[in-house]
Amino acid sequence: KAWEVLQAGGTSLDAVEQGCMIEEANEKGQSVGKGGLPDRDGNVTLDACIMNKHGDCGSVVYMQNVTHAISVARKVMEDTPHVMLAGKGAEQFAYEQGFKKEDLLTEASKKAWEEWKIKSEYKPIINIENHDTIGMLAIDKNGDISGACTTSGLAYKMAGRVGDSPIIGSGLFVDNEIGAAVATGLGEEVVKTVGSFLVVELMRQGKSPQEACEEAI
Ligand code: GLY
């Protein structure tokens, strides 16, 4: 989808938003948007952020009942003087912007949660996570870069847990002159290293993308 937007001459910002929206709407994907696995209390909570060529950014944190977290993040960036909106405030803002209220917990994810509750085992280990995130970077015909990141976070996380995905510099960072980085995986580790910012700064110092990622890892 993102490629279609770029091929039609669209902006990198539209490309990353529309690309991420595909997976947010895909109920079979259990780590992003509708159908995402819930926290241990059965609530699906979404984190997302977006950043454009100017370094403007927006994010939503721990938002419930709205599928397209990435589009709400874009609205935060474009239509508010703020960068982050969290929880009920983010949800309220989304409704005010015309987003519809939806139950994000699908039958399949509810069943998986009910099965998980029997043992309630919870030991998130890096690289063996029970989730993944959609991160998308694009560069358009003008050479402008944008990035987006959206997730339902760790399956069966503690209520209130937030990972790297809505945090600019951790889950995503874009510098139009240097490059961009976006992260998936265990968010706690990415937050500790401010991972995406670190990768971009290492590229600024002259490292290749591969070298920068290896050093950050
Ligand atoms: N990287 C997504 C998360 O940890 O929530």
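Numbers here are sequence positions counted from 1. Order of listing sets the numbers, starting from 1, for every ligand and every atom in it.
- Between the choices T151, T184, V191, D164, the shortest heavy-atom distance to atom 3 (C) of ligand 1 belongs to D164.
- Taking every heavy atom of G153 and a limit of under 4.0 angstrom, the matching atoms of ligand 1 come to 5 (O).
- For ligand 1, the atoms lying closer than 4.0 Å to a non-hydrogen atom of T133 are 1 (N), 2 (C).
- E114 and K111 are not joined by a salt bridge, as no carboxylate oxygen comes within less than 4.0 angstrom of a charged side-chain nitrogen.
- Neither the backbone nor the side chain of K157 comes within 4.0 Å of ligand 1, counting heavy atoms alone.
- Checked against a 3.5 angstrom limit, the closest N/O atoms of E188 and ligand 1 fall outside it.
- T67 and E24 share no side-chain donor-acceptor pair at under 3.5 Å.
- Salt bridge annotation for E188-K192: absent, with no cationic side-chain nitrogen under 4.0 angstrom from a carboxylate oxygen.
- Between the side chain of D39 and the backbone N or O of Y156 there is no donor-acceptor pair closer than 3.5 Å.
- Within ligand 1, the atoms closer than 4.0 Å to a non-hydrogen atom of G185 are 1 (N), 2 (C), 3 (C), 4 (O), numbered from 1 in the order shown.
- Counting all heavy atoms, side chain and backbone alike, V182 lies closest to A148 at CG2-O, 3.7 Å.
- Atoms of ligand 1 lying under 4.0 Å from any heavy atom of S165, numbered from 1 in the order shown and given with element: 1 (N), 2 (C).
- D140 contributes no side-chain N or O that, together with a main-chain N or O of L6, makes up a donor-acceptor pair within less than 3.5 Å.
- By the 3.5 Å distance cut-off applied to N or O atoms, G187 is counted among the residues near ligand 1.
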